[in-house]
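Whatever order the structure lists ligands and atoms in, that order sets their numbers, starting from 1.
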Amino acid sequence: MSATHLVILAVALLVDFASAGVPLPRYEALLKEQSAPSDPSLGLYDDGDKVVRLTVNNFNSTVVDQNRGALVEFYNTYCGHCRRFAPTYKAVAEHLLPWSEVLIVAAIDCAAEENNGVCRNYEVMGYPTLRYLGPGFQPGPQHYGQSLQTQDINEIREILAGMVAAENLTSSHNNSYWPNFHSLTENDSASSLFEGLSSVTQYVAVVHEPENTTVGVELALFMTQWPTVSVRRVIDPAVAAKFKINTSNLPLSLVDRKGEITAYAPESTNGESYAKKLSEVLGKKNITPRPVKVHQPSATPATKITGQNELIDEVHRNKHFVYQADLEQAIRTVLHNEVSKVGEISGEKLLALQRFLAVLQRYNPLGANGHQLVSKLKDFVVQFNDQVSGRQFEEELKRLEAHLSPVYSSTHFVGCAGSSPRLRGFSCSLWTLFHFMTVQAANNEESQDPLEVLQAMHGYIKNFFGCTECSEHFQAMASRRKIWSVPNKEEAVLWLWAAHNEVNQRLAGDATEDPEFPKKQFPAPDSCSECYRTPGSKSENLEIEWNKDAVLGFLKNIHNPQFISRYGVQREELLHPTADKMRQKRQISSVFTDMDMRMGMLLYAFCIVMMVLAFKLFAFKGYRKKPYGHDLLGKV
Ligand SMILES: Cc1cc2nc3c(=O)[nH]c(=O)nc-3n(C[C@H](O)[C@H](O)[C@H](O)COP(=O)(O)OP(=O)(O)OC[C@H]3O[C@@H](n4cnc5c(N)ncnc54)[C@H](O)[C@@H]3O)c2cc1C
């Protein structure tokens with residue numbers, strides 16, 4: 001360690017002591033204005049989208065026992081796959097908007113804690129999950145709606161058309177917009193087509209629907225906004241011919257009340273193209289559709305997050321800081337949003353939860369109340385041999401939190417806050433928590449099991465992590481990287497670091513990436529140049545020649561509880577007091593080793609002693625000189 005390092009350290013410590021307890025006014029303002037993490041307005045869809053946003057408050061009144069059907073997406077804001085699918089789902093909602101009197105396209109964010117009960121009751125096992133809830137739908141055991149196993153927009157449309165056409169509407173769910181899906185038979189004729197129709201209906205469109213297609217159903221659904229037109233399907237080519245339909249080039253015809261029939265050739269064979277053709281024809285006759293009614297329940301307007309720039313600046317300034325706020329958010333989200341959402345926790349899931357809580361109890365970054373909470377929760381879960389429900393877990397969690405309140409010192413992400421509320425967040429904090437725990441385990445002399453944290457992590461990710469795709473990737477990577485053969489606790493720290501870097505590499509440039517925080521190999525050269533065998537290497541590929549000893553030292557430093565940043569913490573008094581001294585000084589930890597820090601402390605103490613001595617020497621100089629001078633010069 002150079003003398004310059006020691007001077008920087010001493011100055012930094014002085015500044016730290018001087019600023020201890022000074023509030024962060026601008027951040028306080030940010031916290032006041034930021035919405036809570038479970039705020040449904042932070043979901044993946046907003047006012048500009050045609051997706052109907054569901055929450056626990058409007059779910060039943062919007063999609064249960066209605067006279068129209070609903071396509072419901074159960075998603076998690078923090079699931080990368082859900083984020084990637086969101087543009088497609090928005091397009092589905094836009095595309096099927098003309099069907100909205102018969103079927104709406106809706107979504108519920110299962111990452112919002114308030115929606116736990118709904119997502120649990122519907123036994124959502126992976127994200128995103130698409131379910132069709134028909135008119136009159138009532139949830140019940142084994143009755144959670146019909147699953148759609150595709151994420152392709154055309155397939156979604158076709159499957160839904162089939163499901164809607166198969167509905168047998170009861171009289172109590174009478175819907176005047178519901179098309180007549182019965183296909184025409186040889187008994188039908190141009191004049192009989194209008195029987196039973198209201199006088200508003202001026203035309204009947206007859207459409208040939210080849211076997212195993214849904215083009216006629218789709219056309220009927222696209223035309224529900226045209227009260228003057230009724231659509232009828234015809235499957236038998238012989239019957240179709242009665243309506244001037246030529247199945248090869250004129251599959252569509254329009255019949256008026258006088259019995260006149262005109263056939264048409266749409267551009268392509270799909271319901272939307274047929275609807276386009278009909279609307280052109282009707283437009284020429286000055287017939288227009290009803291405006292489409294959007295069934296958007298009133299929703300909380302998306303909360304504007306002010307002060308976000310300061311937060312991002314702080315994180316950019318201190319790239320490799322680990323923040324207390326993120327560790328807490330990870331734990332809170334795990335307990336409230338992930339474990340609580342599972343219907344039944346039994347078998348492997350129960351074991352995984354017990355293991356996770358045991359490890360969290362040992363390496364818990366929360367304050368004293370948080371320690372009690374985790375340890376009591378672990379005791380609660382351990383008493384169940386067979387199963388515990390997510391609901392029981394949630395009730396116990398809330399009871400304990402109320403009893404031990406306050407438990408958390410912060411309420412928002414800091415290092416994991418994204419440049420938009422939809423980016424980063426929980427998955428970032430979950431990585432951070434597991435890195436933190438592997439380091440604490442490595443520093444714990446009592447722990448003999450090199451796999452304790454990795455095994456707990458593996459079980460958690462497999463059984464509870466709400467990002468289904470991430471979980472599958474992680475499990476595959478774990479077996480490829482031989483997780484169960486990690487020989488010691490330090491290698492466990494490095495195993496997780498390398499695995500995380502592999503994920504960073506795979507996701508670099510992905511649609512889920514926050515442009516403010518591009519995915520890079522960690523640590524960056526400017527955070528730890530000694531971690532690179534080639535100094536200053538800026539290479540982003542996995543071929544980097546790492547100095548693993550330096551990486552290990554670096555990871556141990558940044559996850560040292562003494563150096564966890566408390567920026568953004570609102571209730572510092574809840575945390576361990578000894579960690580107070582060194583907060584927000586992570587730059588130093590990247591430059592100095594543990595030994596350096598101890599030497600610095602010694603030097604600091606030494607300086608203070610020297611200053612006191614010097615002061616004594618000068619302050620009492622005259623007092624001591626006088627008698628001495630008197631003896632020598634004999635003046636007094
Ligand atoms: C187990 C797991 C698997 C995942 N798999 C997928 C997936 O398959 N597809 C997908 O889209 N998303 C996946 N995610 C989410 C994804 O990895 C990120 O968490 C998410 O995109 C947010 O990224 P971020 O930029 O906030 O940084 P993150 O990658 O989440 O990193 C969080 C913080 O950890 C630190 N860090 C970064 N790299 C390392 C490292 N190597 N060692 C130590 N610390 C590091 C940095 O300070 C960073 O800010 C997964 C998440 C987890 C927890």
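In Arg84, the part holding a heavy atom less than 4.0 Å from any atom of ligand 1 is the side chain. Residue-level proximity to ligand 1 for Phe434 is absent, since no heavy atom of it falls below 4.0 angstrom. Under 4.0 Å from ligand 1, not a single heavy atom of Glu513 appears. Residue Leu496 does not touch ligand 1, judged by heavy-atom distances below 4.0 Å.
Using a 4.0 Å cut-off between charged nitrogen and carboxylate oxygen, Lys398 and Glu401 do not count as a salt-bridge pair. Salt bridge annotation for Glu516-Arg424: absent, with no cationic side-chain nitrogen under 4.0 angstrom from a carboxylate oxygen.
Side-chain contact, Ser409 with Glu328: a donor N or O sits under 3.5 Å from an acceptor N or O. Under the 3.5 Å distance criterion, with hydrogens and angles disregarded, a donor-acceptor pair is assigned to the side chains of Glu338 and Tyr460. Side chains of Asn501 and Gln505: no donor on one and acceptor on the other come within 3.5 Å. If you check the side chains of His435 and His559, you find no donor sitting under 3.5 Å from an acceptor. For the 3.5 Å distance criterion, the side chains of Lys378 and Gln361 qualify, holding a donor opposite an acceptor. There is a side-chain donor-acceptor pair under 3.5 Å between Asp510 and Thr512. Checking Asp514 against Ser419 by side-chain atom types alone, a donor-acceptor pair falls below 3.5 Å.
Ligand 1 has no nitrogen or oxygen under 3.5 angstrom from a nitrogen or oxygen of Asp510. Looking at ligand 1, you'll find an N or O of His500 within less than 3.5 Å of one of its N or O atoms. Geometrically, ligand 1 and Thr432 share no nitrogen or oxygen pair separated by less than 3.5 Å. Inclusion of Ser427 in the set of residues having an N or O under 3.5 Å from an N or O of ligand 1 is warranted.
Distances from atom 6 (C) of ligand 1 to the heavy atoms of Ala476, Ala524, Ser527, Cys470 show the closest one on Cys470. By heavy-atom distance, the residue among Tyr323, Phe474, Trp431 lying nearest atom 2 (C) of ligand 1 is Trp431.
The ligand atoms of ligand 1 that sit less than 4.0 angstrom from a heavy atom of Ile461 are 1 (C). For ligand 1 and His473, the ligand atoms under 4.0 Å from any heavy atom of the residue are 8 (O). For ligand 1, the atoms sitting less than 4.0 Å from at least one non-hydrogen atom of Leu507 are 9 (N), 10 (C), 11 (O), 12 (N), 13 (C), 16 (C), 17 (O), numbered in the order shown with element in parentheses. Listed by atom number, the atoms of ligand 1 under 4.0 Å from Glu469 heavy atoms are 9 (N). Residue-ligand proximity, Lys519 to ligand 1, at heavy-atom distances under 4.0 Å covers atoms 20 (C), 21 (O), 22 (C), 23 (O), 24 (P), 25 (O). Atoms of ligand 1 lying under 4.0 Å from at least one heavy atom of Arg506, given by number and element, are 7 (C), 8 (O), 9 (N).
The nearest heavy-atom contact from the protein to atom 27 (O) of ligand 1 is Arg424 NH2, 4.1 Å. Here the heavy atom of the protein found nearest to atom 35 (C) of ligand 1 is Phe522 CE1, 3.9 Å. Regarding atom 32 (C) of ligand 1, its nearest protein heavy-atom neighbour is Cys428 SG, 3.3 Å. Nearest protein heavy-atom contact of atom 38 (N) of ligand 1 is Asn504 ND2, 2.9 Å.
Judged by the 6.0 Å distance and 45° axis criteria, Arg131 is not positioned over the aromatic ring of Tyr122.
None of Trp431, Trp546, Phe522, Phe434 except one satisfies the ring-ring contact (aromatic ring centres under 6.0 Å, His included) rule with Trp497; the exception is Trp546. Put simply, the residue from Val551, Leu552, Ile544, Asp549 that forms a side-chain contact (heavy atoms from CB on, under 4.5 Å) with Cys531 is Val551.
Under a 4.0 angstrom heavy-atom cut-off, Asn501 registers as being in contact with ligand 1.
Classified by interplanar angle (parallel below 30°, tilted 30° to 60°, perpendicular above 60°), the ring pair His458/Phe474 is tilted.
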